[in-house]
*Asks:* 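Take this structure, written in structure tokens, and hold onto it; I'll ask about it next.
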Amino acid sequence: MIKTCLVAVDVRHPKAKREYTYLVPEDIASSINIGDLVCVPFNNIKVTGVVTELFDFIEKTTDYELKAVISKEAISLPMELVDLSKLLAEYYGTPIVDFLKLMLPPKVSSKTESVYSVCSTDKVISSRAFNQKRVLEYLKNVETATVHDISENLKMPIASVRSALTALTEKGVIKRDYRVVRRRPMVITTNNICEHINLTIEQQNALTTIIKNFNDSKRTTLIYGVTGSGKTEVYIRAIENVLKAGKKVIMLVPEISLTPQMLSIFRSRFPGKTAVLHSKLSQGERFDEWQRIYSGEALVVLGARSAIFAPIKDLGMIIIDEEHESSYKNGEHPYYDARTVAEFRAKKQNASLVLGSATPSVESFYKAAKQEYSLAKLTKRVSGRSLPKLEIIDMREELKSGNRHIFSRKLLSGMKETLEKHKQIILFLNRRGHSTFVICRDCGFVLKCKYCDIALTYHFEDKSGKCHYCGYSIKAPDICPKCKSRNIRYFGAGTEKVEQEVKRFFPKCRTIRIDSDSTSRKGSLEKMLLNFKRGGAQILIGTQTVAKGLNFPDVALVGIISADTALNMPDFRSGERTFQLITQVAGRSGRGDTPGMVYVQTYTPESFAIRAACNFDISGFYQEELKIRREALYPPFCHMLNIVFKSRYEDLIKKEAEEVRQILYQKYNNDIEIYGPVPAPRSKIKDNYRYNILLKSKQIQTLVNICNHMQILNNNRKVDMSWDMEPLDLL
DNA sequence: CACCACTTCCTA
DNA sequence: AGGAAGTGGTGT
């Protein structure tokens, strides 16, 4: 009997990224299974791939001769994960290997890479070979480089850097070496805190709901629990129950490195059984953790977005903490959403799903309201602590009465009072740097990035204008580059400015500033947070990182410097984001014995998102938001697909995007609404123009069909085209 | 029309 | 990745 199989090969080139049929040689025919990793001949090289299908015959007669599998590797993926990949590949209109790769250990997908260097300079290069000359010049400067280094730095298409390299190598001007990617061993620091607390009645009820759903219906449970209501303890008890039933658990958190507390709690409650997966692990660390999961040693996987692909066979439960967080959506290809993957995966492996948040996403709230999810509420903080008091401060009134500072009078006196009581303060502002733009008062010139269509942010520390999108930086000018005026002013406050102002009003006060400028060094964020917790500073000034599940008992006052920043983003989720942000930031206050006070400064106090957040009117907010979404046709009342075009040539984008629009219009017009092509809100980044076509449809299947159609349309396109299913933002 | 530098296509 | 086939410019 002749056996054949389909193999999804791991090659970089988009057009070759498919499944191919291979013959199965007799010596492995009896042992080969779906999910096995195999080595196959591909053109004239050998590549690894995953077996996705097996046949007991030659599937169909072909006009080419089948090649045979060379060998089988030790690793194989559970069949359920291969099935899941097929489902996801179809849903997102993406080659199946892109998902299989997320499930495999890093060693398999990393290979040796070719490194080129100059070895002889006395050979003559034809005067017509411009590319060869450019490449040679570049190599002389940097000494060694890979194909991808060169194509990125010289902005050449991969195929033409490559042919130049081949030509140069043949002439003996440069030589090729191989470099192996090295891995480092894993280092774990553990400090155990293990407290078994008695559950409150609300916690007990939530746990009962989760367990009931786990035992029979496998329905999804949404835990809506106010900040500080003890969701983590409920998760842990639920996990204990799942483990007792002989099943395993995946728990997703927004970014594990931000919550070392969570990790130490898990390590102490499930000693030796917890594996961690997140983006900051080294390749070696990731490999080790993967092996611990694969071998069955780890029963609980705690991790960020990509941990949803952990190689677990007997999965009983998936928990997604801070369910509303946008970091669960992958911002690049493949544009998967870990929440959607979790839903698919739970269904496939007959596991139950638990979502938890103090500010559930509008989509999840809607599903709970429609009884699709079971809803469990935790309305009280543990140990009888009260929720903080929030007060809106109308900054227009402050201006009218002559206060032009970034702090309102109330916030200022609140700060003074809190400092006198030796309690701590958090000031929140979602912008780093000093000033958000630099403008000439005389001619209106705004300092912009050379490569992006973005205003430069002024940074006081090195007196520079920086682009927060590409990193471009110049010395801030004293005179206007356009009209030579000296009347240059800095507008829009960032965290640096807030810190300066604090120092001005309270010269003796110690401050810590947390943003990506001050925490660029590895581990410095953790140190700064610990320092603040121990009282090393009275005031913490920070961007969104301080908004997340941190716990500082001595914080009595929180100031939101500008609640409008998130609100004014050109995005249909801006209201939801603002509501979530205020609620989450406010939740940092009054975690100890001190009742908390929160001042919310805004120029739009009438905004319902701000008012609802300040009144803890969660159902009021969702009702209003759902009403708006229903009227304007936004999720959860429709599905969306954003098609993104990127290119250095704007006219080319316009032409090709218009072509795609025409095709979509002709084929799918009955089922979809088409918006665009229009320039994206961030219309140019790193010298690449960006255009969007946004599609809305009530039928998800239509959008799935379009995704798969896009794969075909993507062939032979000169501009970079990608498609983002259910995008979180359109920037 | 031979020769070349470079691009595009294709992989089972 | 790397070989084959295709494109288009140049020199005699």
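Since we're looking at a predicted model, the values are computed, not measured. Reminder, nothing fancy here: chain letters follow the sequence lines and each chain counts from 1.
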*Asks:* With sequence neighbours left out, write down each residue that passes salt bridge (charged side-chain N to carboxylate O under 4.0 Å, His left out) with Lys655(A), or none if nothing qualifies.
*Replies:* Glu659(A)
*Asks:* Quick one: does NZ or CZ of Arg661(A) land under 6.0 Å from the six-membered ring centre of Tyr665(A), within 45 degrees of the ring axis?
*Replies:* yes
*Asks:* Given atom CG of Asn43(A) and atom C1' of dA5(C), what is their separation to the nearest angstrom?
*Replies:* 13 Å
*Asks:* Can you check the Ile45(A) CD1 to dC10(B) C1' distance for me, whole Å?
*Replies:* 12 Å
*Asks:* Using whole Å, what does the distance between atom C1' of nucleotide dA12(B) and atom CZ of Phe55(A) come to?
*Replies:* 12 Å
*Asks:* Taking only N and O in the side chain of His13(A), is any of them less than 4.0 Å away from OP1 or OP2 of dT11(B)?
*Replies:* no
*Asks:* Using a strict 4.0 Å threshold on nitrogen-to-oxygen distance, state whether Lys247(A) and Asp314(A) make a salt bridge.
*Replies:* no
*Asks:* So, is Lys15(A) near the phosphate of dC9(B), with a side-chain N or O under 4.0 Å from OP1 or OP2?
*Replies:* yes
*Asks:* Applying side chain to side chain donor-acceptor pair (under 3.5 Å), name anything that partners Glu26(A), two or more places apart in sequence or on another chain.
*Replies:* none
*Asks:* Rounded to whole Å, please give me the gap between CG in Leu54(A) and C1' in dA12(B).
*Replies:* 16 Å
*Asks:* Using a heavy-atom cut-off of 4.0 Å across all strands, would you classify Tyr22(A) as base, sugar-phosphate, or nothing?
*Replies:* sugar-phosphate
*Asks:* dG2(C) C1' sits how many Å from Lys46(A) NZ, rounded?
*Replies:* 16 Å
*Asks:* Which whole-number value in Å describes the distance from Asp10(A) CG to dA12(B) C1'?
*Replies:* 17 Å
*Asks:* Compare side-chain N and O positions of Arg18(A) against OP1 and OP2 of dA12(B) and report whether any pair is under 4.0 Å apart.
*Replies:* no
*Asks:* For the pair made of CZ in Phe42(A) and P in dA12(B), what is the distance, rounded to whole Å?
*Replies:* 6 Å
*Asks:* Whole Å only: how far is the NZ atom of Lys17(A) from the C1' atom of dA1(C)?
*Replies:* 15 Å
